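Along the sequence shown, residues carry numbers from 1. If you're wondering where the values come from, they're calculated on a predicted model, not measured in any experiment. Hydrogens, waters and symmetry mates are skipped; everything else that's a heavy atom, side chains included, is used.
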Amino acid sequence: VSAPALRSEYTDYDAALAGQAAAQVTGQPFDSLIEAAILPPLGMEHTSFREPRAALPGLPAPMPTSMAKGMAEGFRWTGLTLKSRPFGYSGQIAPAASASSTAADMSRFMMLLLAGGTLDGQSIYGPATAQAQRTALRTPPPGLPGWTSGLLQQSLPGGIAGLGLDGADLSFRADMTTAPSLGLGIFVAGNSETAGPLVRRLAALVVEHFYVGPSAGPAPSTIDPQTLKHLYAGHYLSEQRRYGGLEKFVDLLTRSAEVTADSNGLLVIRAPDGAGVWAPAGAPGHFISVAMGQPSAFEIQDGRAVRGLSPSGRKSFARVGWFEQPGALALAAGASIIASLATLIGLFTRDRRDFRQTMVQQRASALQTTASVLWLVGALSVGAWGSGAMGDHAQTFFEWPGGFILIGSACALVAALASVTQTLLLPAVWRGGRRLDSWTTGRKLAFTVTVAVYMTFSAILATCGALEPWNS
């Protein structure tokens, strides 16, 4: 959580809390309140915050069967074909999620917004609320959208002001955009992740094609590529994430962006929702998408970017050091796997002279062998989990945390503790005993290097939250 008034950061929990507050004040569940006070006067007969499931004790009533029959099915793209995906239930955080509607109903809702709170002679909210929906709660960086009371300001082609909101879950993507000066409302939804680019871009394309004409595009960059690289290139980590436990570990791997500079003085940003090329625009730190015309910005401190802001204004990405990057984790993991394999291979290929050892060295060797086996089992378990998650990221959501990642974390925790014990034994290992009853210098060095590799990997994993199987 940032300091007050520092930046806007979207979170579902705020909207969910507002819904719970409304339910508490009125004494009605949120979905019942909406059905009684909002949907009927708007004529939104095919909209509901209820979900298509069986009736369950202690939970709100499910979506009516007549409406559930018309629900769209979610899909995921496998690279070859579309496969259906289970319904993603999220009623527990309504109104932040779980709403189902039709294009016709959303058209009526947009007409309400454009008319300032009235529709067909029915007044749903007054001028004060209408003004709050169009006024930013705080001043955003120049060119970026600001958050009003529930909606996101947008800059459409031709400088036309827009107001709306987008949303997504595991399979569905949706966007609602209104342009009050044009009396225009646009709603689009898709039922797979592949719909994302169309959903994000359609409103701007409609305004560009029917109202203002094609834009000239960003001007060529005049910034030296090396200067651009020094200022902005690096790894950025989403600040909308968990900061502890296994979820932190997964977020470090999946909620990051890589920024590089090309030879043309443009930035290439690879983010969780895709890659794009960005051209400098106006003041330092401000950029515009070459392909989509969306603005973005960086916060600059002491001559370097410290944070990147997404075009939607929903997310911020903090620039992080090398040890917080997936590359550091991958390098340490690779070194540990190699050290583990070398340790186990050494059991069968070691010269007979290397088997001379003191009691302490014998115990240290047994600990290192155990740690090596655990590191390998842990790596295989996390690899199996990652393979499934990459095939369908919904698996992470529906089956969290899952056996593989728990086994991997538990193995890594015990291996890390064994590595700490090996570190404590190092002085005794090097002291040894009589020359004929102790390890050779070469084996002592190999043992020490392996301990150093394991301890480095353990420290990185501990920082990432990966050694907390109980905290998932």
Side-chain angles (χ1 to χ4, degrees), residues 1-64 67-68 71 87-101 105-106 108-110 112-113 116-119 122-138 146-153 163-170 172 174 176 240-244 247 313-315 397 400:
V1 178
S2 304
L6 184 61
R7 72 180 61 87
S8 300
E9 193 79 21
Y10 177 83
T11 169
D12 286 338
Y13 296 106
D14 288 348
L17 181 61
Q20 184 60 35
Q24 184 74 20
V25 170
T26 61
Q28 298 183 68
F30 175 78
D31 43 17
S32 298
L33 175 62
I34 293 296
E35 290 171 348
I38 303 297
L39 300 180
L42 288 178
M44 297 176 67
E45 300 176 353
H46 302 283
T47 299
S48 177
F49 280 88
R50 302 186 186 276
E51 296 178 317
R53 54 170 172 78
L56 296 171
L59 292 179
M63 179 183 291
M67 187 180 297
M71 287 289 291
F87 186 84
Y89 295 99
S90 54
Q92 70 277 10
I93 58 169
S98 84
S100 298
S101 189
D105 275 13
M106 290 303 299
R108 293 190 63 79
F109 184 69
M110 290 186 291
L112 173 76
L113 295 177
T118 61
L119 183 64
Q122 295 276 355
S123 178
I124 306 301
Y125 55 81
T129 300
Q131 183 63 32
Q133 287 179 339
R134 300 182 181 185
T135 304
L137 296 173
R138 60 178 297 273
W147 282 101
T148 71
S149 295
L151 297 173
L152 183 66
Q153 294 177 328
L163 197 64
L165 195 63
D166 63 354
D169 64 6
L170 294 172
F172 291 85
M176 178 194 73
Q240 192 182 72
R241 60 183 174 87
R242 277 289 302 273
Y243 284 79
E247 286 191 64
R314 282 183 174 224
K315 301 175 183 178
F397 182 83
W400 179 259

Problem set entry | ring-ring contact (aromatic ring centres under 6.0 Å, His included) partners for Phe109, two or more places apart | none
Show every donor-acceptor pair shorter than 3.5 Å between a side-chain atom in residues 124-134 and any protein atom, with sequence neighbours excluded, or say none if there are none.
| residue | atom | partner | partner atom | Å |
| --- | --- | --- | --- | --- |
| Tyr125 | OH | Gln133 | OE1 | 2.9 |
| Gln131 | NE2 | Thr135 | OG1 | 3.0 |
| Arg134 | NH2 | Leu113 | O | 3.2 |

Problem set entry | Closest non-hydrogen atom pair, Pro95 against Gly19 | CD-CA, 3.4 Å
For this session: Check the surroundings of atom CD in Glu45: do more than 12 heavy atoms from other residues, nucleotides or ligands lie under 6.0 Å from it?
Result: no
Exercise. Quick one: salt bridge (Lys or Arg N to Asp or Glu O under 4.0 Å) pairs with a partner in residues 25-43, sequence neighbours left out?
Worked result: Asp31-Arg50, Glu35-Arg50
Exercise. What pairs with Asp12 under side chain to side chain donor-acceptor pair (under 3.5 Å), at least two apart in sequence or on another chain?
Worked result: Tyr10
Exercise. Is there side-chain contact between Arg53 and Phe87, with heavy atoms separated by less than 4.5 Å?
Worked result: no
Problem set entry | Minimum heavy-atom distance Leu137-Ser149, with the two atoms named | CD2-OG, 3.8 Å
Exercise. How long is the span from the CG atom in Leu151 to the CG atom in Leu163, to the nearest 0.5 Å?
Worked result: 4.5 Å
Exercise. So do the side chains of Gln153 and Thr148 get within less than 4.5 Å of each other, counting heavy atoms only?
Worked result: yes
For this session: Rounded to the nearest 0.5 Å, what's the gap from CE on Met110 to CE on Met106? Could you check?
Result: 6.0 Å
Exercise. Does Ser90 have any side chain to side chain contact (heavy atoms under 4.5 Å, CB included) partners at least two apart in sequence or in another chain, and if so, which?
Worked result: Glu51, Ile93, Ala97, Ser98
Exercise. Tell me, do Leu112 and Gln122 make a side-chain contact under 4.5 Å, heavy atoms counted?
Worked result: no
Which pairs would a plain distance check flag for residues 20-28, meaning a side-chain donor or acceptor within less than 3.5 Å of a matching protein atom at least two apart in sequence or in another chain?
| residue | atom | partner | partner atom | Å |
| --- | --- | --- | --- | --- |
| Thr26 | OG1 | Ala22 | O | 2.9 |
| Thr26 | OG1 | Gln28 | N | 3.4 |

Seminar exercise, completed: Minimal heavy-atom distance between Pro41 and Ala37, with the atoms involved, is CG-O, 3.5 Å
Exercise. Is Arg108 reaching over with its side chain to a backbone N or O of Leu42, donor-acceptor style, under 3.5 angstrom?
Worked result: yes
Exercise. Nearest heavy-atom pair of Ala96 and Ala16: which atoms, and what distance?
Worked result: CB-N, 4.1 Å
Exercise. Say you draw a straight line from OH of Tyr89 to CG of Leu59; how long is it, rounded to the nearest 0.5 Å?
Worked result: 11.5 Å
